[in-house]
Amino acid sequence: MQRSYQVIYETLFNHYGPQNWWPADTPFEMMIGSILVQNTNWRNAEKALTKLSPFLEPEMIDRLPIEELAELIRSSGFFNIKAKRIKAFIDWFKTYHYDIEEIKKMNRQGLRRELLSIKGVGKETADVMLLYAFDKPIFVADAYVRRIFHRLGYDIPTSYDGLRERVEERLPNDLVLYNEFHALLVEHAKQFCRTKPICDGCPLFDSCDQRLD
DNA sequence: ATCCGGAGTA
DNA sequence: TACTCCGGAT
């Protein structure tokens, strides 16, 4: 039986409580983190972020030789590619003089298009940046989210934007809501709805078709 | 030894 | 659609 997205949100919120993801530390750290976490879990990305922490200023990363950058972020995996991607992102950021407030003045669509033009920033990474660094309400429709909704029994669009728009059509356009909802879904995917799901004690058990693929 | 991980590009 | 990249967990 398919419940509304709103009910799923409320159930997760009641179980896990507010996640308070944003200003994790700084918007800049969030942007770098969104690249480091590609094809990895947050644990590995966080290790890289810790090693990188003495250099977590746009100017410092800009000056850092790409080989040194790659070595610092080794623990996140795919470090050569990610070093290149971080550099490409910094190059774009520099054209706005590293001024986040200035970038925030852009509308959601326009900023999304710009982010997508950066080599190494795809839809998911762009949306994480939009939501958690640039305060734009957007639903991040990543692999965790897709897995959870699929198992719940939702008939979901196959494309990334299809799923994103489907959810956005059914929820109020609210920054805090999208911020919390995605954080809750990630937490749920880590605690219960893993690759190999742990259905015992799952807060969504009653709303779930329990398809174990 | 194998598989997974909040993908991205051509 | 296929190809890519690499550390950590099991």
Side-chain angles (χ1 to χ4, degrees), chain A residues 5 8-9 12 16 19-22 24-25 27 29-52 66-92 112-134 136-152 154 156-164 166-168 178-198 204 212-213:
Chain A
Y5 292 100
I8 298 300
Y9 170 75
L12 291 176
Y16 296 106
Q19 297 300 298
N20 254 355
W21 255 27
W22 66 112
D25 274 316
E29 182 174 333
M30 189 69 225
M31 295 185 277
I32 300 300
S34 70
I35 294 174
L36 291 175
V37 79
Q38 291 171 354
N39 297 286
T40 319
N41 52 46
W42 184 252
R43 286 176 57 91
N44 295 345
E46 204 168 33
K47 287 178 188 171
L49 219 40
T50 301
K51 281 201 171 185
L52 197 58
I66 194 163
E67 297 82 6
E68 290 181 34
L69 176 59
E71 199 51 43
L72 286 164
I73 63 173
R74 174 180 282 273
S75 63
S76 69
F78 305 92
F79 53 87
N80 283 319
I81 293 183
K82 288 178 181 178
K84 216 175 284 180
R85 292 178 178 182
I86 288 172
K87 283 291 191 181
F89 172 74
I90 293 288
D91 286 344
W92 171 81
R112 190 171 197 255
R113 265 192 292 273
E114 283 221 14
L115 291 171
L116 289 175
S117 75
I118 302 168
K119 280 217 169 195
V121 177
K123 289 172 180 174
E124 191 177 319
T125 304
D127 290 348
V128 170
M129 289 186 186
L130 285 165
L131 180 60
Y132 291 103
F134 297 114
K136 302 295 183 187
I138 196 158
F139 184 78
V140 182
D142 63 23
Y144 280 160
V145 171
R146 182 169 292 280
R147 183 166 78 206
I148 292 170
F149 288 148
H150 179 255
R151 285 187 180 147
L152 287 173
Y154 283 51
I156 50 178
T158 52
S159 75
Y160 176 92
D161 282 321
L163 175 55
R164 178 177 64 77
R166 173 75 57 88
V167 177
E168 287 177 358
Y178 286 127
N179 191 320
E180 284 291 346
F181 196 16
H182 186 251
L184 287 165
L185 287 164
V186 170
E187 188 58 29
H188 183 63
K190 288 198 283 198
Q191 288 200 27
F192 291 97
C193 213
R194 305 180 181 180
T195 306
K196 191 185 170 81
I198 300 169
L204 294 178
L212 305 181
D213 299 315

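No hydrogens, no waters, no symmetry mates; every other heavy atom, side chains included, goes into these values. Computed from a predicted structure; not experimentally measured. Throughout, protein chains are lettered first and strands after them, A, B, ... in sequence-line order, and every chain is numbered starting at 1.
Legend: residues meeting salt bridge (Lys or Arg N to Asp or Glu O under 4.0 Å) with A/Lys87, ordered by chain and number and at least two apart, are absent. Here A/Thr40 pairs with A/Lys82 under the side-chain hydrogen bond (donor to acceptor under 3.5 Å, both in side chains) rule; sequence neighbours left out. For A/Asp127, the side-chain hydrogen bond (donor to acceptor under 3.5 Å, both in side chains) partners are A/Arg112, A/Tyr160, not counting sequence neighbours. Scored by the side-chain contact (heavy atoms from CB on, under 4.5 Å) test, A/Lys136 finds A/Arg108, A/Leu111, A/Leu130, A/Phe134 as partners (sequence neighbours excluded). For A/Ile118, the side-chain contact (heavy atoms from CB on, under 4.5 Å) partners two or more places apart in sequence, or in a different chain, are A/Ala88, A/Phe89, A/Trp92, A/Leu115, A/Val121. When the salt bridge (Lys or Arg N to Asp or Glu O under 4.0 Å) test is applied to A/Glu71, the partners found at least two apart in sequence or on another chain are A/Arg74.
Comparing A/Asn44 and A/Arg85 along DNA chain B, the residue whose closest nucleotide (by nearest heavy atom) sits nearer the 5' end is A/Asn44. Between A/Thr125 and A/Arg194, the residue anchored closer to the 5' end of DNA chain B is A/Arg194, taking for each the nucleotide with the nearest heavy atom.
Residue A/Lys123 is in sugar-phosphate contact alone, with no base atom involved, counting any heavy-atom pair closer than 4.0 Å across all strands shown.
Contact check of residues 112-122 of chain A against DNA chain B (heavy atom, cut-off under 4.0 Å) returns A/Ile118, A/Lys119, A/Gly120, A/Val121, A/Gly122. A heavy-atom distance below 4.0 Å to DNA chain C is reached by none of the residues of residues 32-42 of chain A.
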For residues 185-193 of chain A, please give each side-chain donor-acceptor pair under 3.5 Å, one per line with the distance, not counting sequence neighbours.
unit_1: A/Glu187; atom_1: OE2; unit_2: A/Gln191; atom_2: NE2; d: 2.6
unit_1: A/His188; atom_1: ND1; unit_2: A/Tyr16; atom_2: OH; d: 2.8

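Pairing analysis of DNA chain B (Watson-Crick: purine N1 to pyrimidine N3 plus N6-O4 or O6-N4; G-U wobble: N1-O2 and O6-N3; both under 3.5 Å) yields stems of 3 or more pairs at B:1-5 with C:6-10, B:7-10 with C:1-4.
When every heavy atom of A/Ala48 is checked against every heavy atom of A/Ser75, the shortest pair comes out as N-OG, 3.2 Å. The two residues A/Ala183 and A/Tyr132 make their nearest non-hydrogen contact at N-OH, 3.5 Å.
Considering A/Ile32, A/Ile35, A/Leu49, A/Ile86 as possible partners of A/Ile73, the one that fulfils the side chain to side chain contact (heavy atoms under 4.5 Å, CB included) test is A/Ile86.
If you take OH of A/Tyr160 and C1' of B/dG8, they are 13 Å apart, rounded to a whole angstrom.
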Find every protein N or O atom lying less than 3.5 Å from an N or O atom of nucleotides 1-4 of chain B, and list the pairs.
unit_1: B/dC4; atom_1: O3'; unit_2: A/Thr195; atom_2: OG1; d: 3.2

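Once you apply a 4.0 Å limit to the heavy atoms of chain A, the touched nucleotides of DNA chain C run 5' to 3' over C/dC5 to C/dA9.
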